[in-house]
Protein chains: 2
Amino acid sequence: MPKLDESLLRPLPPFSKLDEGAIRAILDQATSRRFDKGAAVFDEGMPADNFYLLLDGTIRVVRITAEGEQVTALHIPAGQLFGIAKALGRDTYPATAIAASEVIALSWPMTLWQSYVSQYDGFATETYKIIGDRVGEMNARIVEMSTQHVEQRIARALLRLINQSGRKVTEGIEIGFPITRQDVSEMTGTTLHTVSRLLSAWEKDGLVTSKRKKITVRDPHRMVVLSGA
Amino acid sequence: MPKLDESLLRPLPPFSKLDEGAIRAILDQATSRRFDKGAAVFDEGMPADNFYLLLDGTIRVVRITAEGEQVTALHIPAGQLFGIAKALGRDTYPATAIAASEVIALSWPMTLWQSYVSQYDGFATETYKIIGDRVGEMNARIVEMSTQHVEQRIARALLRLINQSGRKVTEGIEIGFPITRQDVSEMTGTTLHTVSRLLSAWEKDGLVTSKRKKITVRDPHRMVVLSGA
DNA sequence: TCAGAAGTTTGCGCAAACGCAACGTTTGCA
DNA sequence: TGCAAACGTTGCGTTTGCGCAAACTTCTGA
């Protein structure tokens, strides 16, 4: 296990209210792991025996339908806990977590969860805030899917991605990990064809630039307008 | 406040692990309230100063878009807690709760939440299981909306409703509270026209019977098939 | 009891988005 | 270096489900 600095965890929500000793103790029980792009950190339905903290990279949380189609439920940006099934009373992971880029994560055996929750005071509260945020996000997704057209949904998806893991570059803001049209279509409930067409149109319009597995939003403000406020 | 029997709460998840004294104590702090059909128990964005336990009736949890369209996020069946914003670190209600039928609910000031969680052991865990279930339901909704056609979505919505609050009658299973085509369309992200057409077709087919504000599924099994397993 | 509100049905035309198919381009690996 | 796999583009026909409109039925309350 590499040497880990507690200053790494200090600013992150679940630890923000803990003292140095507590963080040190938690950190000592963690294992650092690396996952290649495309690798599954855990699979839907498997026993939830670890929980994770994403140090670097992005995680794509997907569910697979009976027909084998993938649906992306959520993206997890660096700095967040994930795989915290126990917090919701689950014994198995409710979805599959895939590394959208190369990923570094800390992992703890799930058996420690209970003790962290009872031992460290802010831990539970801060965790449930994260879950609250995710519930809010999911709710927003449902509303979108119910009322918005494909164009607006894709615009929102891109905005959400640049909010979470956008990088400022000279031409605008680019999404911080490799992403295909297929990926975007799985986030928005469309087909890769529709996404491709739309991105082409937007590119002609100067709204975005896109290379293979890379999308850069040149005009975020116009994108917000397009997304329907 | 009417006289309440603790045998009322005993079998419900959040209380199932508590002893009689604890239940009695919690019950003594509750206020019983009645809401007319269509009344809002609380509104999105308002300070979350009470949480509720639904004793009788059904609650419809809705969000309203910027354009004024309603989207139904969830239905809450009798026996469940709702309005538990604090559990997710919120200070305001994230959605509006409307009585789908006449409703009886117990309410507690949100200030008691913290003390129940810390004082009674099973309370938190059981509550988070409920939230876990709801997250799972929302996830399923997102997957559906992404991959299924209107017909399958409506079939699923009806199945979900009869699972939660179905009543066996001679012709089949009927939904236990008044529900309009508009309501169904708001649950499935369609229009009342499409729902009406579909129900008419199904009725001709012998799959359902429907009167004004009432839907009865005659052949649940065929409905499951239609819903796409 | 009767007027109007609320809920439902149905027809028709149309647009959004899908499905299929074929072809172009980049990348990684043998 | 060259080939196969992965990724992306684009055209065309088709379908689903929406939008609008009009008429009908059931319920409610003055």
Side-chain angles (χ1 to χ4, degrees), chain A residues 36-38 60 65 67-71 98 100-102 144-158 175 177-205 208-216 226 228, chain B residues 36-38 60 65 67-71 98 100-102 144-158 175 177-205 208-216 226 228:
Chain A
D36 284 326
K37 193 185 74 162
R60 199 152 41 91
T65 67
E67 287 79 29
E69 298 166 281
Q70 286 201 4
V71 177
I98 293 178
S101 55
E102 195 183 311
E144 273 174 41
M145 303 273 297
S146 301
T147 60
Q148 311 230 290
H149 285 190
V150 169
E151 185 177 37
Q152 305 176 293
R153 299 212 302 270
I154 294 178
R156 286 215 184 185
L158 295 186
I175 293 171
F177 57 91
I179 187 166
T180 67
R181 330 262 137 165
Q182 175 77 32
D183 291 334
V184 175
S185 77
E186 284 170 6
M187 296 176 61
T188 49
T190 19
T191 61
L192 78 161
H193 306 283
T194 302
V195 174
S196 182
R197 280 183 250 270
L198 200 54
L199 284 181
S200 295
W202 281 349
E203 182 139 23
K204 230 165 255 148
D205 234 35
V208 303
T209 315
S210 71
K211 303 180 193 20
R212 182 174 240 241
K213 292 195 175 199
K214 182 114 302 271
I215 301 174
T216 308
L226 248 182
Chain B
D36 284 326
K37 194 185 74 160
R60 201 152 41 90
T65 67
E67 287 79 30
E69 297 167 282
Q70 285 201 3
V71 177
I98 293 178
S101 55
E102 194 184 311
E144 273 174 41
M145 303 272 298
S146 301
T147 61
Q148 311 228 292
H149 284 189
V150 168
E151 185 177 38
Q152 305 176 294
R153 299 211 303 269
I154 294 177
R156 288 216 182 188
L158 295 186
I175 294 171
F177 56 92
I179 186 165
T180 67
R181 330 264 139 165
Q182 175 78 33
D183 292 334
V184 175
S185 78
E186 285 171 6
M187 297 177 58
T188 50
T190 21
T191 61
L192 79 161
H193 306 283
T194 302
V195 174
S196 180
R197 278 184 252 269
L198 200 54
L199 284 181
S200 296
W202 281 349
E203 183 138 23
K204 229 166 256 148
D205 235 35
V208 303
T209 315
S210 71
K211 303 182 189 25
R212 182 174 237 238
K213 293 196 175 196
K214 181 112 309 264
I215 301 174
T216 308
L226 249 182

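Remember, predicted model here, so these are calculated numbers, not experimental data. The sequence lines fix the lettering, A, B, ..., with proteins before strands; numbering per chain opens at 1.
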Donor-acceptor pair, distance only, cut-off 3.5 Å: does the side chain of [X] make one with the backbone of [Y]?
| X | Y | result |
| --- | --- | --- |
| B/Arg181 | B/Val195 | no |
| A/Arg153 | A/Met187 | no |
| A/Gln152 | A/His149 | yes |
| A/Ser185 | A/Gln182 | yes |

Less than 4.5 Å apart, any side-chain heavy atom of [X] and any of [Y]?
| X | Y | answer |
| --- | --- | --- |
| B/Thr194 | B/Thr188 | no |
| A/Ile215 | A/Trp202 | no |
| B/Phe177 | B/Asp183 | no |

Respond yes when some side-chain nitrogen or oxygen of [X] is under 4.0 Å from OP1 or OP2 of [N], and no when none is.
| X | N | result |
| --- | --- | --- |
| A/Arg197 | C/dA17 | no |
| B/Ser196 | C/dT9 | yes |
| A/Thr190 | C/dA17 | no |

Expressed in angstrom and rounded to an integer, what is the separation of [X] atom [atom1] from [N] atom [atom2]?
| X | N | atom1 | atom2 | value |
| --- | --- | --- | --- | --- |
| B/Gln148 | C/dC18 | CD | P | 15 Å |
| A/His193 | C/dC20 | NE2 | C1' | 8 Å |
| A/Arg181 | C/dC18 | CZ | C1' | 18 Å |
| B/Lys211 | C/dT9 | NZ | P | 12 Å |
| B/Glu186 | C/dG7 | CD | P | 11 Å |
| A/Leu192 | C/dG19 | CG | P | 11 Å |

Have a look at B/Gly189 and say if it touches a base, only the backbone sugar-phosphate, or nothing, with a 4.0 Å heavy-atom cut-off.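 Touches sugar-phosphate only.
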Can you give the first and last nucleotides of DNA chain D, 5' to 3', that have an atom under 4.0 Å from a heavy atom of chain B?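 Taking any atom under 4.0 Å from a heavy atom of chain B, the span is D/dG17 to D/dC27.
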Which comes earlier along DNA chain C counting from the 5' end, the contact point of B/Leu199 or that of A/Thr191, where each point is its nearest nucleotide?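 In this pair, the answer is B/Leu199.
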Residue whose nearest DNA chain D nucleotide is more 5′ - A/Arg212 or A/Thr194: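 With A/Thr194 and A/Arg212 compared, the 5'-side residue is A/Arg212.
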Nearest-nucleotide wise, let me know which of A/Glu203 and A/His149 is further upstream toward the 5' end of DNA chain D.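 Upstream on the strand: A/Glu203.
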